[in-house]
> 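Let me begin by handing over the structure; questions about it come next.
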Number of protein chains: 2
Amino acid sequence: MSRRSGILEFAVLGLLREAPMHGYELRKRLNTSLGVFRAFSYGSLYPCLKSLVANGWLIEEPGSSPEDARAASLAGRRAKIVYRLTAEGKEHFEELLAHTGPDAWEDEHFAARFAFFGQTSRDVRMRVLEGRRSRLEERLEKMRASLARTRERLDDYTLELQRHGMESVEREVRWLNELIESERAGRDKRPGPDQ
Amino acid sequence: MSRRSGILEFAVLGLLREAPMHGYELRKRLNTSLGVFRAFSYGSLYPCLKSLVANGWLIEEPGSSPEDARAASLAGRRAKIVYRLTAEGKEHFEELLAHTGPDAWEDEHFAARFAFFGQTSRDVRMRVLEGRRSRLEERLEKMRASLARTRERLDDYTLELQRHGMESVEREVRWLNELIESERAGRDKRPGPDQ
DNA sequence: TTCGTCATGTAATGGGTTACATGATTAC
DNA sequence: GTAATCATGTAACCCATTACATGACGAA
């Protein structure tokens with residue numbers, strides 16, 4: 001239930017796989033370190049953490065630093081809550097990582113997937129990369145078609161906007177080509193899906 | 001009330017300023033012709049149109065084609081509804097166009113603003129363009145700072161993702177520089193905010 | 001006559017934000 | 001002692017999508 005789902009859930013799981021953390025720290029890493037995700041608010045993060053706990057993917061632990069211990073010892077006080085990935089949570093994340101369906105090549109999903117490529121097996125990486133590329137190529141086709149149909153009716157600014165948009169997409173395709181090429185060449189720093 | 005607001009409202013007003021249209025056609029232009037906006041669904045478009053009518057920015061007109069007339073003549077039949085911008089609506093859109101506050105340089109807002117630059121006065125265009133540029137430069141600063149702080153702890157893929165992200169932003173800054181330059185140079189095809 | 005596409009709408013749901021409320025800890 | 005920032009949470013709202021429901025019209 002209450003699947004506060006998708007990217008946030010995925011990203012939280014992925015970050016906690018590297019190390020246990022509390023909510024506040026998690027949010028900072030979400031917003032800055034990875035640089036990928038949009039700035040999630042506490043209003044979405046904390047409820048998401050609660051639902052992950054309810055699902056059994058995460059457990060809450062009291063903070064381990066001395067102040068936390070002191071704070072916790074005082075009855076009724078609220079201490080820092082450190083979240084740790086459970087075995088089930090790890091397994092679940094592994095499953096999410098293995099999905100290579102069409103959603104995985106959408107903009108935000110793709111960025112999230114890429115951010116955890118270090119924990120992904122090479123064949124999955126290839127499928128995601130190639131899926132993303134074909135997704136972009138479709139998009140490019142549509143843009144070209146619609147541009148051909150309407151070029152005359154558009155003013156200079158609209159035209160410039162479309163041109164710039166297409167150029168950006170084309171650039172990403174070239175970037176993907178390089179990545180795919182280097183995956184093929186086998187420059188594969190990390191062995192497999194695990195460790 | 002019920003301000004189904006922001007980009008969709010703005011875009012609808014902008015498109016209707018060029019010519020009256022019915023909902024279905026409006027959606028197609030939103031999704032393809034302008035190429036800028038994400039694909040809005042009818043579930044958001046139609047309620048938005050209703051609320052714009054309720055605000056007095058739009059009026060509903062019966063379709064003008066022969067079939068529409070026939071359809072309308074049969075009591076109780078639902079005919080195509082053509083939406084036309086009212087004088088108040090035009091004025092309202094004009095006001096929206098004149099706002100150059102910080103929201104106007106956010107990603108989606110900026111794209112929407114740019115799409116209607118043809119109907120915008122040069123000084124407003126300059127403010128929006130320059131605002132957007134400084135917004136991106138701030139973002140770049142943050143990315144550089146966070147990268148400098150965390151470089152060692154990041155794996156190759158995360159690093160590559162950040163590098164590519166920054167490069168994209170840098171490219172957009174260069175693009176803006178060119179646009180600003182050409183605005184300064186006065187290559188100004190369209191006279192002013194009106195006609 | 002049936003299929004595609006044009007055309008308009010609504011109810012339920014989703015996935016997030018804002019604003020608010022609370023309180024501990026650190027640095028000055 | 002007071003200000004900033006760390007830290008956790010909730011309720012109200014927002015803006016959109018999905019799935020559904022309806023029906024006209026043109027072409028095969």
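To find a chain, count down the sequence lines: A is the first, B the second, and so on, and within it residues start at 1.
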> How many Å lie between CD on A:E108 and P on C:dG14, as a whole number?
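After rounding, the reported distance stands at 18 Å.
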
> So, using ring-ring contact (aromatic ring centres under 6.0 Å, His included) as the criterion, who are the partners of B:H99 when residues are at least two apart?
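For B:H99 there are no ring-ring contact (aromatic ring centres under 6.0 Å, His included) partners, ignoring immediate neighbours.
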
> By nearest atom, which of the nucleotides D:dA7, D:dT17, C:dT5 is closest to the B:S41 side chain?
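Shortest atom-to-atom distance from the side chain points to D:dT17.
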
> To the nearest angstrom, how far is A:L58 atom CG from D:dT8 atom P?
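Result: 13 Å.
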
> Whole angstrom is fine here: how far is it from CG in A:D103 over to P in C:dG14?
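For the pair A:D103 CG and C:dG14 P, the rounded distance is 16 Å.
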
> When you measure from the side chain of A:F40, which nucleotide among D:dA16, D:dG9, C:dG16 comes out closest?
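When the side chain of A:F40 is considered, C:dG16 is the closest of D:dA16, D:dG9, C:dG16.
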
> Please report, rounded to the nearest Å, how far the C1' atom of C:dT8 is from the CG atom of B:L26.
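In whole Å, C:dT8 C1' lies 13 Å from B:L26 CG.
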
> Let's see if you can work this out: which of D:dA16, C:dT5, C:dT17 has an atom nearest to the side-chain heavy atoms of B:S44?
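Selected nucleotide (nearest to the side chain): D:dA16.
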
> Which nucleotide, D:dT8, D:dT10, C:dT8, lies nearest any side-chain atom of A:P47?
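Per side-chain heavy atoms of A:P47, the pick is D:dT10.
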
> For the residue pair A:W175 and B:H164, does the interplanar ring angle fall in the parallel (under 30°), tilted (30 to 60°) or perpendicular (over 60°) class?
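Because their plane-to-plane angle is under 30°, the rings of A:W175 and B:H164 count as parallel.
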
> Picking from C:dG9, D:dT17, D:dG9, which would you name as closest to the side chain of A:Y42?
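The answer is D:dG9.
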
> With DNA chain C as reference, determine whether B:K50 or B:K28 sits nearer its 5' end, using the nearest nucleotide of each.
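Its nearest nucleotide lies further toward 5', so the answer is B:K28.
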
> Rounding to a whole Å, what distance do you find between A:Y46:OH and C:dA19:C1'?
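A:Y46 atom OH is separated from C:dA19 atom C1' by 16 Å.
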
> Provide, to the nearest angstrom, the distance between the OH atom belonging to A:Y24 and the C1' atom belonging to D:dA4.
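In whole Å, D:dA4 C1' and A:Y24 OH are 10 Å from each other.
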
> Name all pairs fulfilling the salt bridge (Lys or Arg N to Asp or Glu O under 4.0 Å) condition that reach into residues 95-104 of chain B, sequence neighbours left out, sorted by first residue then second.
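Qualifying pairs: none.
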
> How long is the line joining CD1 of A:I7 and C1' of C:dG14, in whole Å?
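Atom-to-atom, A:I7 to C:dG14, this comes out as 13 Å.
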
> Does the side chain of B:L179 reach to within under 4.5 Å of the side chain of B:F114, using non-hydrogen atoms?
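A side-chain contact under 4.5 Å exists here.
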
> Whether B:E181 and B:R174 form a salt bridge (side-chain N of Lys/Arg under 4.0 Å from carboxylate O of Asp/Glu) is what I want to check.
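No.
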
> Which of these nucleotides, C:dT8, D:dG9, C:dG16, is closest to any side-chain atom of B:I81?
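Minimum distance to the B:I81 side chain belongs to C:dT8.
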
> If I take atom CD in residue A:E60 and atom C1' in nucleotide D:dG9, what distance separates them, rounded to the nearest angstrom?
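Spelled out: CD on A:E60 to C1' on D:dG9 is 12 Å.
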
